[in-house]
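Note that the structure is predicted; figures quoted are calculated from it, not measured. For reference, positions follow the sequence shown, starting with 1.
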Amino acid sequence: MRASDCPPFKPKFIIPAAPGFFVLHCHPTYRPASLRPDDVPCDPIIGWAIDEDGWQIPLTTSGPLDSYDALLRPDGQVEGAERTFRDVRAWLDFLGAGVPGAESFVS
């Protein structure tokens, strides 16, 4: 989700994040297919800011992130590109190919 996609975010609640959530970053100049999953820049999520409509943004040690590429969940799955991928490698493969493959995403 990008900040420009919605009205100004006004958090109503801030809650702590469970351990194991990370924001993943993949700059357009990266070559996703050649990156190793451990080389993807990431920020640990330490909390969630939630507005009155239920929209949420991750809070990291760098502050709130209203623009990011994907979320890594504690179970290893990645939420990004409006899909859930089985792991970081599948997400990177999707980004590198530019099109989804049936084996690359969960939903």
Query raised in the report: Side-chain contact, heavy-atom cut-off 4.5 Å: Val78 with Leu24?
Result: yes
Query raised in the report: Which residues satisfy the salt bridge (Lys or Arg N to Asp or Glu O under 4.0 Å) test with Asp53, sequence neighbours excluded?
Result: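 With neighbours one apart ignored, the set is empty.
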Report task. Could I get the full list of salt bridge (Lys or Arg N to Asp or Glu O under 4.0 Å) partners for Asp75, not counting sequence neighbours? Result ->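 Listed in chain order: Arg73.
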Rounded to the nearest 0.5 Å, what separates atom [atom1] in [X] from atom [atom2] in [Y]?
{"X": "Asp87", "Y": "Gln77", "atom1": "CG", "atom2": "CD", "value": "9.0 Å"}
{"X": "Ile15", "Y": "Ile46", "atom1": "CD1", "atom2": "CD1", "value": "12.5 Å"}
{"X": "Ile14", "Y": "Leu59", "atom1": "CD1", "atom2": "CG", "value": "5.5 Å"}
{"X": "Glu79", "Y": "Phe21", "atom1": "CD", "atom2": "CZ", "value": "7.5 Å"}

[X] and [Y]: which non-hydrogen atoms are nearest, and at how many Å?
{"X": "Ala17", "Y": "Trp48", "value": "CB-NE1, 3.4 Å"}
{"X": "Gly80", "Y": "Ala70", "value": "CA-CB, 4.0 Å"}
{"X": "Pro19", "Y": "Pro74", "value": "O-CG, 3.5 Å"}
{"X": "His25", "Y": "Trp91", "value": "C-CH2, 4.4 Å"}

Query - Contacts of type side chain to side chain contact (heavy atoms under 4.5 Å, CB included), residue Phe22, not counting sequence neighbours - result: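 Result, side chain to side chain contact (heavy atoms under 4.5 Å, CB included) vs Phe22: Cys42, Pro44, Leu72.
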Query raised in the report: What pairs meet the salt bridge (charged side-chain N to carboxylate O under 4.0 Å, His left out) rule with one or both residues in residues 14-23, with sequence neighbours excluded?
Result: none
